[in-house]
Amino acid sequence: MDRFLIDGAHPLRGVLRLSGSKNAALPILLATLLTDEPCVIENVPTRLRDIRFTFRVLEAVGKRVEVLGSRVRVHANKPLKTRAPYELVKQMRASVLVAGPLLARFGWVRVPIPGGCAIGLRPIDIHLQAFEDLGARRTLDQGDIILDSPLRAGPVRLKFPSVGATENLMMAAAALPGVTTIRNAAREPEIEDLARCLIGMGARVSGAGSATVVVRGCRTLRGVVHSVIPDRIEAGTFMLAAAATQGSLRLLDAQPAHLKAVTAALRRAGAVVREGKGDILVSMKGRPRPVSLSTSPYPGFPTDLQAPWLAWMCLARGRSRVRETVFENRFLHAAELGRMGGRVAVSADTAVVEGVPALSGAPIMASDIRAGAALVVAALAARGRSIIQRVYHIDRGYERVEAKLRSVGARIRRVK
Ligand code: EPZ
């Protein structure tokens with residue numbers, strides 16, 4: 001298992017180019033199941049573990065995947081299978097997004113229920129209820145959900161704006177003749193990107209990015225060439241790393257419009273953020289002001305940046321509160337930050353952070369992608385050496401992170 005060795009307290013300075021968004025690329029790659037024609041998806045962060053894994057999921061159900069740098073070509077290989085293997089779904093829960101396209105096309109699909117994970121129980125009841133609302137029948141067999149009977153387009157209201165359920169449903173609706181209206185839909189930029197891809201395939205989609213998405217689908221969708229949006233969570237993580245190390249970073253390919261809540265919070269804490277057309281500059285001098293915030297679905301402050309934010313607030317000049325409202329158990333990084341001298345007390349959904357003048361390096365362990373990112377931010381800012389274990393979590397969501405950070409002055413090394 002790889003580890004990161006980080007010698008901290010060196011300001012990050014320079015220019016970084018962002019990768020394509022993992023969380024946008026993932027459903028878009030699976031949307032290629034909606035057609036037998038070849039699809040080309042560009043700006044895919046192909047080195048990420050989760051993306052490699054998505055290729056395996058596509059291959060398991062019968063697609064062929066060719067990768068050339070960040071360009072991915074997906075084509076029909078053999079007739080598609082309508083079941084996803086448990087071995088894959090248990091390793092990456094987003095594999096359940098095969099259900100929408102396959103069910104809509106073939107009227108039958110078998111998907112294992114993914115178990116919980118480090119950050120919460122993460123049920124898929126909202127996905128299943130939505131499919132039932134469109135006419136699917138659900139049975140359970142050996143831990144797998146079987147959905148059958150043909151879907152019909154129609155109105156659906158989600159009880160929570162789940163990102164995955166919105167995506168699953170949009171993909172299904174794209175292959176259903178008629179109008180499907182999704183109310184209380186997720187509004188994340190990744191939803192808008194999926195909508196653009198589905199439109200390229202021949203569906204008519206409006207309202208993506210608002211709480212009501214309307215999809216007019218058609219039985220036969222065509223191949224598409226689509227370029228994935230830049231990764232706003234990678235951007236936010238680098239913004240926080242720049243701020244925590246009291247450095248200055250310019251992020252190329254950033255979309256400032258996707259980072260409004262993060263930019264506002266950084267500014268309140270004292271960072272300077274300049275938004276350009278397609279880039280963003282962050283710089284910081286000294287310790288941050290304490291800023292309390294709550295995570296919430298987009299356009300609120302993203303849960304995926306809660307952990308790196310909390311790492312920065314450990315260095316604030318005072319007390320802040322960070323409330324996690326999206327996942328029920330997303331504070332595993334708090335104890336690890338404690339090992340570095342951070343003072344974080346977690347009670348229910350809230351972490352209370354007493355800022356300290358400096359963190360100190362320590363051996364620490366990543367528990368999920370973003371908790372891992374928080375430890376990288378903390379270690380880059382801390383005095384002395386940190387050793388981060390379980391780097392495979394970080395590799396799921398950050399492409400070549402050590403090479404990127406080294407290019408802007410970080411002393412970070414991967415040891416096998
Ligand atoms: C997506 O997960 C992202 N993953 C997550 O990124 C991100 O944290 C999350 O959205 C929220 O922004 C991908 O896009 C691949 P949800 P998803 O369905 O779709 C509950 C990362 O680090 N819920 O919006 O699974 C659920 O338990 C990851 O990159 C139900 O109760 O998120 C959670 O508490 C991690 N029933 C909340 O809703 C359901 O059927 C939000 O989940 C579905 C969700």
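Order of listing sets the numbers, starting from 1, for every ligand and every atom in it. The first residue in the sequence is number 1, and the count goes up from there.
- At least one N or O atom of Val163, backbone or side chain, sits closer than 3.5 Å to an N or O atom of ligand 1.
- Considering backbone and side-chain N/O of Gly164, one or more are found under 3.5 Å from N/O of ligand 1.
- Looking at Ser19 and Glu399, their side chains do bring a donor and an acceptor atom within 3.5 Å of each other.
- Under 4.0 Å is where a charged nitrogen must lie from a carboxylate oxygen, and between Arg17 and Asp253 at least one such pair does.
- Side chain to side chain, Asp368 and His393 fail the donor-acceptor criterion of an N or O pair below 3.5 Å.
- Within ligand 1, the atoms closer than 4.0 Å to a non-hydrogen atom of Arg330 are 8 (O), 22 (O), 35 (C), numbered from 1 in the order shown.
- Ligand 1 places these atoms under 4.0 Å from at least one heavy atom of Thr303: 8 (O), 11 (C), 12 (O).
- The side chain to side chain contact (heavy atoms under 4.5 Å, CB included) search around Ser386 returns Met340, Ile364, Ala379, not counting sequence neighbours.
- The protein heavy-atom contact nearest to atom 34 (O) of ligand 1 is Val326 O, 2.5 Å.
- Side-chain contact of Glu336 with His333: a donor-acceptor pair under 3.5 Å is absent, judged by distance alone.
- Between Arg370, Glu167, Arg122, it is Arg370 that holds the heavy atom closest to atom 29 (O) of ligand 1.
- Judged purely by distance below 3.5 Å, without hydrogens or angles, the side chains of Asn43 and His226 never pair a donor atom with an acceptor atom.
- With a 4.0 Å cut-off on non-hydrogen atoms, Asp368 does not touch ligand 1 at all.
- Between Arg52 and Arg396, the closest side-chain pair of non-hydrogen atoms is not below 4.5 Å.
- Checked by atom type, the side-chain pair Arg330/Thr303 shows a donor-acceptor distance below 3.5 Å.
- Residue Ala165 places no N or O, backbone or side chain, under 3.5 Å from any N or O of ligand 1.
- Here the protein heavy atom with the shortest distance to atom 36 (N) of ligand 1 is Asp125 OD1, 2.7 Å.
- Near His127, with a cut-off below 4.0 Å to any heavy atom, the atoms of ligand 1 are 40 (O).
- Shown in contact with Phe160 at under 4.0 Å from a heavy atom are these atoms of ligand 1, numbered in order with element: 37 (C), 38 (O), 41 (C).
- Assignment of Lys22 to the shell around ligand 1 is supported, since a heavy atom sits closer than 4.0 Å.
- Residue Asp304 has at least one nitrogen or oxygen atom sitting less than 3.5 Å from a nitrogen or oxygen atom of ligand 1, judged on distance alone.
- For ligand 1, the polar-atom distance check against Ile126 finds a nitrogen or oxygen pair separated by under 3.5 Å.
- Contacts with ligand 1 closer than 4.0 Å are made by no heavy atom of Tyr298, backbone or side chain.
- Every residue meeting the side chain to side chain contact (heavy atoms under 4.5 Å, CB included) condition with Glu37, not counting sequence neighbours, appears here in chain and number order: Thr35, Arg222.
- Residue contacts with ligand 1 do not include Met92, since none of its heavy atoms lies under 4.0 Å from the ligand.
- If you check which protein heavy atom lies closest to atom 15 (C) of ligand 1, you get Asn23 OD1, 3.4 Å.
- Counting only N and O atoms by type, the side chains of Gln306 and Thr295 include no donor and acceptor under 3.5 Å apart.
- With 3.5 Å as the limit, one finds no donor-acceptor pair spanning the side chains of Arg232 and Tyr298.
- Of all the listed residues (Ser162, Ala373, Pro123), Pro123 holds the heavy atom that lies closest to atom 39 (C) of ligand 1.
- The existence of a salt bridge linking Asp125 and Lys159 is confirmed by a sub-4.0 Å separation between a basic side-chain nitrogen and an acidic carboxylate oxygen.
- Listed by number with element, the atoms of ligand 1 under 4.0 angstrom from any heavy atom of Ile124 are 39 (C), 40 (O).
- Under the 4.0 Å distance rule, the nearest protein heavy atom to atom 20 (C) of ligand 1 falls outside the cut-off.
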